[in-house]
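To start, the structure under review is shown below, and the notes come after it.
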Amino acid sequence: MTRAVGELDEEKVTEMLTEFVNSKPTEEEAQKVVNACQQGMGTVGDLFEKGEYFVGDLIFAGELLTEAINILKPVIGGKSESKVGTIVLGTVHGDLHDIGKNIFRSMAEAAGFVVYDLGIDQPVENFVEKVKEVKPEIVGLSGVLTLAIESMKDTIDGLKQAGLRDKVKVIIGGNPVTKEACEYVGADAFTTNAAEGVKICQGWVK
């Protein structure tokens, strides 16, 4: 699965996932397949950095992954009908990546969260306005580039200035995030794995 995603082999991915879903897997097995897909995305990212893949390939990979998650939705805990909490989510300003964010959104929605996805390259004020409007429990900041760390800090500082920081938990996600980055930007948690990120959020709203 990891290889099929890494090679952007849409036909193979769809075929394998459909067979997998038909085999009545457990939710745990489905999570493993999601992780395999994410590792495939890691391969795509590496090849992009080496110059073997281009922006179009990244976009296609994101679409492929969204399609994969949709096929898996019936088996990744899409049974949750009750709303467990609200998340305002977005890729921070200066960063145009949305693959990880989209996987997280799909999995969070499957777990019963209502997710307001602002999109990519979002200025601080957009997060502030949306938090004021929908009063979420959680804000998710995503970024792949190293400069995203500064943008995450700007966004959290913006929430502080607006008097909203104490009202929400903030989770950051993406390639450059580490424990140090999390402390530096003032977030409550960080993750590089969408499934783990959803677990953290579930822990916050229990």
Side-chain angles (χ1 to χ4, degrees), residues 1-18 20 30-73 76 87 89-110 115 117-124 126-127 140-155 171-182 184-185 187 189-198 200:
M1 192 58 178
T2 300
R3 198 169 76 225
V5 173
E7 291 172 356
L8 302 177
D9 188 338
E10 184 175 15
E11 208 172 298
K12 187 97 199 289
V13 171
T14 311
E15 187 187 313
M16 285 169 77
L17 287 175
T18 308
F20 174 71
Q31 288 295 356
K32 282 184 183 152
V33 171
V34 171
N35 287 342
C37 290
Q38 282 187 271
Q39 281 162 7
M41 289 308 300
T43 308
V44 172
D46 293 344
L47 289 168
F48 175 70
E49 279 176 15
K50 286 180 190 154
E52 290 177 39
Y53 275 177
F54 303 98
V55 174
D57 298 313
L58 278 187
I59 293 167
F60 177 72
E63 288 166 358
L64 181 61
L65 209 52
T66 305
E67 196 181 317
I69 298 285
N70 283 337
I71 297 173
L72 288 167
K73 257 197 176 145
I76 52 171
I87 301 174
L89 178 67
T91 301
V92 290
H93 66 87
D95 200 318
L96 304 173
H97 294 80
D98 64 355
I99 293 165
K101 171 179 71 60
N102 292 350
I103 306 171
F104 174 80
R105 182 188 68 210
S106 297
M107 296 184 78
E109 285 173 345
V115 182
D117 185 351
L118 301 175
I120 56 172
D121 193 14
Q122 288 297 309
V124 174
N126 287 11
F127 282 99
L141 305 179
S142 174
V144 171
L145 305 171
T146 315
L147 62 81
I149 300 294
E150 287 301 330
S151 302
M152 288 173 178
K153 188 174 191 313
D154 291 347
T155 306
I171 184 167
I172 58 172
N175 289 357
V177 304
T178 56
K179 185 168 181 290
E180 291 71 31
C182 183
Y184 170 70
V185 304
F190 74 98
T191 182
T192 51
N193 174 316
E196 181 192 53
V198 172
I200 292 169

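These values consider heavy atoms only, across backbone and side chains, with no hydrogens, waters or symmetry-generated copies. All figures in this text were calculated on a predicted structure; none of them were measured in a lab.
- A donor-acceptor distance shorter than 3.5 angstrom exists from the side chain of T91 to the backbone of H97, with no hydrogens or angles considered.
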Would you please test N70 and K73 for side chain to side chain contact (heavy atoms under 4.5 Å, CB included) and show each step?
CA-CA 5 Å; N70 283 337; K73 257 197 176 145; 3.8 Å; yes

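- From C182, atom SG reaches atom CE of M152 across 10.0 Å, with rounding to the nearest 0.5 Å.
- Between E67 and T14 there is a side-chain heavy-atom pair separated by less than 4.5 Å.
- Interatomic distance, I99 CD1 to C37 SG, rounded to the nearest 0.5 Å: 12.5 Å.
- Closest approach of L147 and G94 over heavy atoms only: CD1-O, 3.7 Å.
- Pairing each heavy atom of A36 with each of T2, the nearest pair is O-OG1, 3.0 Å.
- In this structure, K179 fails the cation-pi test against F190, since its NZ or CZ atom is not both closer than 6.0 Å to the six-membered ring centre and inside 45 degrees of the ring normal.
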Worksheet entry | Pair L145-L96, side chain to side chain contact (heavy atoms under 4.5 Å, CB included): steps then yes or no | CA-CA 9 Å; L145 305 171; L96 304 173; over 6 Å; no

Practice item. Run the numbers on L72 and V34 for side chain to side chain contact (heavy atoms under 4.5 Å, CB included), then give the verdict. Key: CA-CA 8 Å; L72 288 167; V34 171; 3.8 Å; yes

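- For the atom pair CD of Q39 and CG of N35, the computed distance is 6.5 Å after rounding to the nearest 0.5 Å.
- Inter-residue side-chain proximity for V13 and I71 is flagged as unmet; no heavy-atom pair is nearer than 4.5 Å.
- Closest approach of A148 to G143, counting heavy atoms only: CB-CA, 3.8 Å.
- Using a 4.5 Å heavy-atom cutoff, the side chains of F60 and V44 are not in contact.
- We find the CG-NZ distance between L89 and K101 to be 5.5 Å, quoted to the nearest 0.5 Å.
- Residues M1 and L17 are in side-chain contact: their nearest non-hydrogen atoms beyond the backbone lie under 4.5 Å apart.
- Side-chain contact between V177 and T191 is absent, with no heavy-atom pair separated by less than 4.5 Å.
- Considering OH of Y53 and CG of D46, their distance stands at 11.0 Å, rounded to 0.5 Å.
- Closest non-hydrogen pair, L64 versus L8, comes out as CD2-CA, 4.0 Å.
- If you take CG on L118 and CG on D98, they are separated by 12.5 Å, rounding to the nearest 0.5 Å.
- D95 contributes a side-chain N or O that, together with a main-chain N or O of V144, makes up a donor-acceptor pair within less than 3.5 Å.
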Walk me through it: do D9 and E11 pass the test side chain to side chain contact (heavy atoms under 4.5 Å, CB included)? CA-CA 6 Å; D9 188 338; E11 208 172 298; 3.9 Å; yes

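- Between A189 and I200, the shortest heavy-atom distance links the atoms CB-CG2, 3.9 Å.
- Heavy atoms of other residues, nucleotides or ligands lying less than 6.0 angstrom from CD of E52 number more than 12.
- In plain terms, the two heavy atoms of N175 and T192 that are nearest each other are O-CG2, 4.5 Å.
- Between V92 and Q122, every side-chain heavy-atom pair lies at or beyond the 4.5 Å cut-off.
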